[in-house]
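Just below is one structure, and these are the notes that go with it.
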Amino acid sequence: MRIVIADRNLMPHRLLLEESLPAGSMTSWHESWNEEALAADLRDADVYVGGRFTEAMGAAAEKLRLVHVAGAGYDGISADALPEGVVCANTFHHEDSIAEQVAAVVVALRRDLLGQDSALRTGTWQSSVYSPSTPQPETLRGATVAFLGFGHIGQAAWRLLRAFGCEGIAVTRSGSTDANQYGLRWAASTDRLGEALTEADILVVSIPLSEETRSVISAVELDELGPGGLLVNVARGPVVDEAALYEALRDRRIAGAAIDVWYQYPGSDGKAEPSSLPFGRLDNVIMTPHSSGVTAETFRGRIRDIAENITRLTRNEPLKNVVIPAS
């Protein structure tokens, strides 16, 4: 079994993957994505692990049986480029890491930890103990969290936030979530999004991006969340309207936001403004570079899934998490 790997996130776990593969497996690692080099290397490969697969790669891959992405998203895999008989599978394991970050940023925003840190660095003790005009912050106990999307990520985040004493509402496209099963106040379809926002102190966005969900959070929804509300986006940037979010934060029509997913992304040099708007000048935003799920724990779990599927392939057993079946 010959495996070509072109995902830099797996490089720190190279030994773990190679130890987990079936006996006799041979690996070929690419530190960066280069279509020409990969096409040449795929000529006698059985498995390709990576986030992009093109027609040129498919045309060269004469023995290929499996394309495995090292994550949930497979939008970089061209289904038309997959040779006949080749399937594409994905993997998850990012939800617990993302949930941990959701909990961390919600606490930081609600307690104004960044503001206190910044003030203390200049000698100002930003606390009601020393400044009567500074309000005492609220804890998470009794706060209402609305989840827009309640899949792997939403459920994992709710498990943590529920432990803080929060109440929960889930709004999904299907409206099929059982509120009693998850201990939620209520659950419904996106038809009741406005109602959820008026009840919520915090909105956690983890719904997939589609034409139906693009800008589903606009100025109207942000105003429904209100001046005390917090927004956390760990879905995709365009689910929340870019200009509407910036203006709501700038004008304090919502209290704050934690944004992990953006509107502009860098090339291979890792340099780019995340938005055409100056979010970085705002003091009520926590900005992270789409990193909430990027932890060693996430990729160790993904390694195990990839190795298991390759083992299944060698045994002609059904594969897990097939997202593009064989043509």
Side-chain angles (χ1 to χ4, degrees), residues 71-73 94-115 117-118 140 143 145-154 156-158 160-161 171 193 196-197 200-210 213-266 270-295 298:
H94 56 305
E95 56 269 24
D96 287 339
S97 295
I98 295 175
E100 183 179 89
Q101 180 153 322
V102 169
V105 296
V106 165
V107 170
L109 287 168
R110 191 131 165 120
R111 301 286 292 272
D112 190 29
L113 298 185
L114 295 185
D117 175 272
S118 177
L140 286 176
V145 184
F147 294 91
L148 178 56
F150 201 65
H152 290 84
I153 295 169
W158 171 232
L160 289 184
L161 293 175
V171 176
L193 176 59
L197 293 173
D201 301 293
I202 301 156
L203 171 64
V204 176
V205 182
S206 62
I207 199 167
L209 176 64
S210 67
T213 62
R214 185 177 295 273
S215 294
V216 68
I217 301 297
S218 67
V220 172
E221 287 74 27
L222 293 168
D223 285 340
E224 288 171 331
L225 184 60
L230 301 174
L231 179 146
V232 180
N233 190 1
V234 290
R236 289 292 185 268
V239 171
V240 182
D241 184 90
E242 182 177 13
L245 177 58
Y246 174 77
E247 291 165 6
L249 288 163
R250 180 196 63 193
D251 300 339
R252 304 285 174 170
R253 298 197 336 267
I254 64 172
I259 311 171
D260 187 51
V261 288
W262 291 97
Y263 306 94
Q264 299 176 168
Y265 278 79
K271 299 285 187 179
E273 292 295 331
S275 169
S276 60
L277 299 170
F279 281 91
R281 297 178 190 172
L282 303 175
D283 64 2
N284 55 347
V285 182
I286 296 176
M287 302 170 59
T288 50
H290 205 152
S291 59
S292 60
V294 183
T295 67
T298 293

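Here the structure is a predicted model, which means the values were calculated and not measured. Worth knowing before you read on, the calculation uses all heavy atoms, side chains too, and leaves out hydrogens, waters and symmetry mates.
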Straight-line distance of [X] [atom1] to [Y] [atom2], nearest 0.5 Å:
| X | Y | atom1 | atom2 | result |
| --- | --- | --- | --- | --- |
| I207 | L209 | CD1 | CG | 10.0 Å |
| I286 | L113 | CD1 | CG | 8.0 Å |
| T288 | Q101 | OG1 | CD | 4.5 Å |
| I202 | R110 | CD1 | CZ | 5.0 Å |
| D241 | R214 | CG | CZ | 10.5 Å |
| H152 | I98 | NE2 | CD1 | 11.0 Å |

If you look at every heavy atom in [X] and [Y], which pair is closest and at what distance?
| X | Y | result |
| --- | --- | --- |
| L222 | A244 | CD1-O, 3.5 Å |
| E95 | A156 | O-CB, 3.7 Å |
| V171 | A196 | CG2-CB, 3.7 Å |
| S292 | V234 | OG-CG1, 4.1 Å |
| L160 | A103 | CD1-CB, 4.3 Å |
| P266 | A272 | CA-CB, 3.6 Å |

Exercise. When I217 is tested against each of L231, N233, L245 for side chain to side chain contact (heavy atoms under 4.5 Å, CB included), which residue passes?
Worked result: L231

Exercise. Taking the side chain as C-beta and beyond, is there a heavy-atom pair between F147 and V102 under 4.5 Å?
Worked result: no

Exercise. Is any side-chain heavy atom of E242 less than 4.5 Å from a side-chain heavy atom of S276?
Worked result: yes

Problem set entry | salt bridge (charged side-chain N to carboxylate O under 4.0 Å, His left out) against R252, all qualifying residues, sequence neighbours excluded | D283

Exercise. Would you say the side-chain atoms of S97 and E100 include a donor-acceptor pair closer than 3.5 Å?
Worked result: no

Exercise. Would S215 and S218 count as having a side-chain donor-acceptor pair, cut-off 3.5 Å?
Worked result: no

Under 3.5 Å, side chain of [X] to main-chain N/O of [Y], donor-acceptor pair present?
| X | Y | answer |
| --- | --- | --- |
| T213 | S210 | yes |
| Y263 | G237 | yes |
| D201 | L230 | no |
| T295 | T298 | yes |

Exercise. Using 30° and 60° as the class limits, which term best fits the ring planes of F279 and W262: parallel, tilted or perpendicular?
Worked result: perpendicular

Exercise. E221 and V216: side-chain contact (heavy atoms from CB on, under 4.5 Å), yes or no, with the steps?
Worked result: CA-CA 8 Å; E221 287 74 27; V216 68; over 6 Å; no

Exercise. Would you say E247 has more than 12 foreign heavy atoms packed within less than 6.0 Å of its CD?
Worked result: yes

